[in-house]
Number of protein chains: 2
Amino acid sequence: MLTRKAKYALKAMLVLARKGTDDPVFISELAKASGVPKKFLELILLELRNAGLLESKRGKAGGYLLGLPAQDIMVGQVIRAVDGPMAPVPCLSKTAYRRCDDCEHEGECGVRLALREAYQASLAILERTSLEDTLEMMAESHDTVAAMPMYNI
Amino acid sequence: MLTRKAKYALKAMLVLARKGTDDPVFISELAKASGVPKKFLELILLELRNAGLLESKRGKAGGYLLGLPAQDIMVGQVIRAVDGPMAPVPCLSKTAYRRCDDCEHEGECGVRLALREAYQASLAILERTSLEDTLEMMAESHDTVAAMPMYNI
DNA sequence: ATATACTCTAGTAATTCTATCGGATAACTT
DNA sequence: AAGTTATCCGATAGAATTACTAGAGTATAT
């Protein structure tokens, strides 16, 4: 399960991506728009900024804005920035590889092999789905709903 | 990240699958073979049994054995049995669907759409990869290692 | 009977998650 | 220069989850 933190991060990033402006947005505004507790969001935005996904401006008229174009920020990057590595076992992680302390022959580790393909498939998609792509899916799904016949007039 | 519990569950199930016998195996034996703390394993095996993936025999000469043929037990089932639903957000879960309390229009929820494909891809693989398949992969990877030229004679 | 092995309910220490507090720092305004 | 506004950041705290462990109970083979 995704942590609340990662969920909040995605929400906030999507709000910023949809806004599409070059003017920074206040945390308070983002908090309201995304429904995330302001103080918690502060923390999250800071982490996203330290990961290079956001830029910030301090002082009056400060706030946050995307650090890259929305099509260059991948869903996987956002999750990884706040939740850490996504791999089901450390020995499958690309960004934070670590040997499992409990298995001696990694090459033949059943758990690793059982999860490997599933993880790779999921990762491939998370690493090529951008915020922009997500916005498009949102627009489409909205159209779909709107295009559905209204029987209950 | 997979919990240790799920990892232990997979390990134990794989030991049983490899054994391939119809005689029950002691928890203590299983604990030694899989490197899982015995008391903890007890708990895990019980859950796997309650999920129908294992059968048990009580009393002297008791123990555990697979409840189904190894090709009919899927990696995803094992994980779900001990860790609960695998979906990144409850509104994507097939087995434990729940509306997210924080998003009102589910159809247009960005988080849901951002994760949907990746989750489906991963799930599809976890639900069609059996213990038997995993054993085969283990054997293959073992062969591969063994077949590698030995330069350091 | 009795020894053996699973069953099952609690409990617990450690860690992680989900925030919140409060003050420091930066920048804009007047 | 002073005041206002907003981010920065370290510390903290309660709740939930994880990873076990204890111990009493129950079934079964011999």
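Convention: sequence-line order gives letters A, B, ...; per-chain numbering from 1. None of the values given here were measured: they were computed from a predicted structure. The figures here come from the full heavy-atom set of this structure, side chains too, leaving out hydrogens, waters and symmetry mates.
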Trainee: How many whole angstroms separate atom NZ of B:K7 from atom C1' of D:dT18?
Mentor: 15 Å
Trainee: Report which part of the nucleic acid A:I27 touches: base, sugar-phosphate, or nothing (heavy-atom distance under 4.0 Å, all strands).
Mentor: sugar-phosphate
Trainee: Could you tell me the separation between the CG atom of A:D23 and the P atom of D:dA6, rounded to a whole number of Å?
Mentor: 14 Å
Trainee: Quick check: on DNA chain D, is the nucleotide nearest A:K60 upstream (toward 5') of the one nearest A:L46, or the reverse? Name the residue that is more 5'.
Mentor: A:K60
Trainee: In whole Å, what is the span from the CG atom of B:L48 to the C1' atom of C:dC6?
Mentor: 15 Å
Trainee: C:dT7 C1' sits how many Å from B:E47 CD, rounded?
Mentor: 13 Å
Trainee: Measure the CD-CG distance between B:Q120 and B:L115 for me, rounded to the nearest 0.5 Å.
Mentor: 11.0 Å
Trainee: Let me know the distance between CZ of A:R58 and C1' of D:dT4, rounded to the nearest Å.
Mentor: 15 Å
Trainee: Pick base, sugar-phosphate or nothing for A:F40, based on heavy-atom distances below 4.0 Å to the nucleic acid.
Mentor: base
Trainee: Please check the phosphate of D:dA6 (OP1 and OP2 only) for any side-chain N or O of A:Y64 closer than 4.0 Å.
Mentor: no
Trainee: Round to the nearest Å and state the distance from A:L2 atom CG to C:dC17 atom C1'.
Mentor: 13 Å
Trainee: Ignoring backbone atoms, establish whether A:S56 has a side-chain N or O less than 4.0 Å from OP1 or OP2 of D:dC8.
Mentor: yes
Trainee: Is there a side-chain polar atom (N or O) of A:S28 under 4.0 Å from OP1 or OP2 of D:dA6?
Mentor: no
Trainee: If the cut-off is 4.0 Å, is B:Y8 near the phosphate of D:dA19, judged by side-chain N/O to OP1 or OP2?
Mentor: no
Trainee: Going from CG on A:L92 to CZ on A:R98, what distance comes out if it is rounded to the nearest 0.5 angstrom?
Mentor: 12.5 Å
Trainee: Which sits closer to the 5' end of DNA chain C, A:A61 or B:K38, going by the nucleotide each is nearest to?
Mentor: B:K38
Trainee: Rounded to whole Å, please give me the gap between CG in A:L45 and P in C:dA19.
Mentor: 14 Å
Trainee: Does B:R49 place a side-chain N or O at less than 4.0 Å from the phosphate oxygens OP1/OP2 of C:dC8?
Mentor: yes
Trainee: If you check the A:K39 side chain, which of D:dA6, D:dC8, C:dG22 turns out closest?
Mentor: C:dG22
Trainee: I'd like to know if A:E29 and A:K32 make a salt bridge, using a cut-off of under 4.0 Å between side-chain N and carboxylate O.
Mentor: no
Trainee: What is the distance, rounded to the nearest whole Å, between atom CG of A:L65 and atom C1' of D:dT7?
Mentor: 13 Å
Trainee: Could you tell me whether B:E127 and B:R80 make a salt bridge, using a distance below 4.0 angstrom between a side-chain N and a carboxylate O?
Mentor: yes
Trainee: Want to settle it: does A:G62 or A:E42 sit nearer the 5' end of DNA chain D, counting the closest nucleotide to each?
Mentor: A:G62
Trainee: So, B:Q77 side chain and B:M74 main chain: donor-acceptor pair closer than 3.5 Å or not?
Mentor: yes
